[in-house]
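Worth saying up front: this structure is predicted, and the values here are computed from it rather than measured. Order of the sequence lines fixes the chain letters, A, B, ..., with proteins taken first and strands second; residue numbering starts at 1 for each chain.
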Amino acid sequence: MRHGRTKFHAALLQWYDAEARDLPWRRTQDPYCIWLSEIMMQQTRIDQGTPYYERFLKRFPDLQTLAQATEEAVLKQWEGLGYYSRARNLYRTAQILTDQYHGRFPESPEVLQLLPGIGKYTAGAIASIAFGVPVPVLDGNIKRVLARLYALVESIDLPATDKRLWELAAATLNVKRPGDHNQAMMELGARVCIPAGPLCFSCPVQRHCRAFSASLQDTLPHRTPKKVVPHHEMVVAVIANQDAYLIGKRPSQGFLGGLWEFPGDRIQKTEGCEDALRRIGEEMLRLKVVPGGLVAVVRHAYTHFKVTLHVYRCTAVKRRICSDAHTEYRWVTPDSFDQYPFPAGHHKFLKLL
DNA sequence: AACCCGGGGAA
DNA sequence: TTCCCAGGGTT
């Protein structure tokens, strides 16, 4: 640190104490609330996640309430937030803490990290924020802040750089107020040391920043280029029987695990939409599906691929369905759609039914 | 080390 | 469009 660690700490916390956003989990010391906020904000912008946090806490105000709920009720509250393994792991951890930890959170980051969904970042965040344990955290914001403060030219997403950044986070930590320091570093990254066009003119630690003194603030940090994601064409079969539609529950592990959906599949190169719909009937559902009219064409982006959904209304002979594509099937009417957690892509055409 | 896992807002 | 977000888990 160029002008001394103590002055850096003082400048950072003075700024934080004056400028910190009034976020709901900053009004409490309850480790349950801190934990929930940390899980919910993983790879999620504060503005996007905060309404979910408020709603979730109303529905599941404490650990016991959460542990006694069903996984599907938890997923319903998580619906639309993405990365649904977070919700399933949250639910599992609630039960582990209830069954094996007397319903209390461990304070040690090493023990916290044994719980599902809690990695090095979240363990450090809970330990430092809820319990005052002097441990660092490293998230996307702090990576960028440290890369600029120390003018790191290596790509920040390389494992070796990640190790170096954790060391810098530890060396930079303010052990007097670790929770506030960690939050201040994230706050700085989110509001001042932003990815494009950092607001160095209003940065409280500008004189400690090597990137600024070298005019590198707009070129750092470096990042390795991302791979291009494939684009798939899919059909979705909205199979109607009277006023009910067939939906299936996806297997709990894996992509969109535990969510409900209309049956669908990739369109293969040799077939058209209607061929694919009939194939879904034969191979997935063991059901004779008769394709009807096109309901919608929906585009949606996931982490590692993009899809275009061709949604078709279909009819079928109602029979016993046997399939391993889903763990359960139900015929439901549109007025009960809101009982089921669906992927966000489905909500782009659900209201049309 | 590489890959998998969502969704949305800002530029 | 692309980028990136209070990351974690699996192989």
task: Spell out yes or no: do the side chain of A:Arg86 and the base of C:dA6 have one donor N/O and one acceptor N/O closer than 3.5 Å?
output: no
message: Taking only side-chain N and O atoms of A:Gln43, does any of them lie within less than 4.0 angstrom of OP1 or OP2 on C:dG7?
response: yes
Candidates B:dA1, C:dG8, C:dA6 - which lies nearest the side chain of A:Pro159: B:dA1
statement: Among C:dG8, C:dT1, B:dA2, the one nearest any side-chain atom of A:Lys227 is B:dA2
message: Any donor-acceptor pair, under 3.5 Å, between the side chain of A:Arg223 and the base of C:dC3, if you only look at N and O atoms?
response: no
field: Selection from B:dG7, C:dG8, B:dC5 that lies nearest to any side-chain heavy atom of A:Tyr83
entry: B:dC5
query: Choosing from B:dC5, C:dC4, C:dT1, which nucleotide comes nearest the side chain of A:Thr303?
result: B:dC5
- request: May I ask you to verify whether the side chain of A:Thr44 and the base of B:dG6 hold a donor-acceptor pair under 3.5 Å?
  value: yes
query: Would you call A:Glu167 and A:Arg164 a salt bridge, using N to O less than 4.0 angstrom?
result: yes
- prompt: Hey, does A:Trp25 reach any base, or is it just sugar-phosphate, or nothing, if we go heavy atoms under 4.0 Å?
  reply: base
What are the atom names and distances for every N/O pair under 3.5 Å that joins the protein to nucleotides 9-11 of chain C?
residue: C:dG9; atom: OP1; partner: A:Gly117; partner atom: N; Å: 2.6

- request: Measure from NZ or CZ of A:Arg88 to the centre of the six-membered ring of A:Tyr91, then state whether that distance is under 6.0 Å and the direction lies within 45° of the axis.
  value: no
- prompt: Would you find a donor on one side and an acceptor on the other, under 3.5 Å apart, between the side chain of A:Arg86 and the backbone of A:Ile39?
  reply: yes
task: Before accepting this row, confirm whether a basic side-chain N of the pair A:Asp157/A:Lys143 lies closer than 4.0 Å to the acidic partner's carboxylate O.
output: no
field: Check against ring pair (Phe, Tyr, Trp, His ring centres under 6.0 Å), A:Phe255 and A:Phe305
entry: CA-CA 12 Å; A:Phe255 190 58; A:Phe305 66 96; 5.5 Å; yes
message: Give me the atom names and distance for the closest heavy-atom approach of A:Ala171 to A:Arg5.
response: O-NH1, 2.8 Å
message: Taking the P atom in each of C:dA6 and B:dC4, what is the distance between them to the nearest angstrom?
response: 25 Å
- prompt: Of the candidate nucleotides C:dC5, B:dG6, C:dG8, which contains the atom at the shortest distance from the side chain of A:Arg144?
  reply: C:dC5
task: Choose from C:dT2, C:dG7, C:dC4 the nucleotide whose nearest atom is closest to any side-chain atom of A:Lys306.
output: C:dT2
query: Using a cut-off of 4.0 Å on non-hydrogen atoms, how would the nucleic acid contact of A:Leu256 be classed: base, sugar-phosphate, or nothing?
result: sugar-phosphate
- request: Using distance alone, with no hydrogens and no angle criterion, decide if A:Glu72 and A:Trp260 have a side-chain donor and acceptor under 3.5 Å apart.
  value: yes
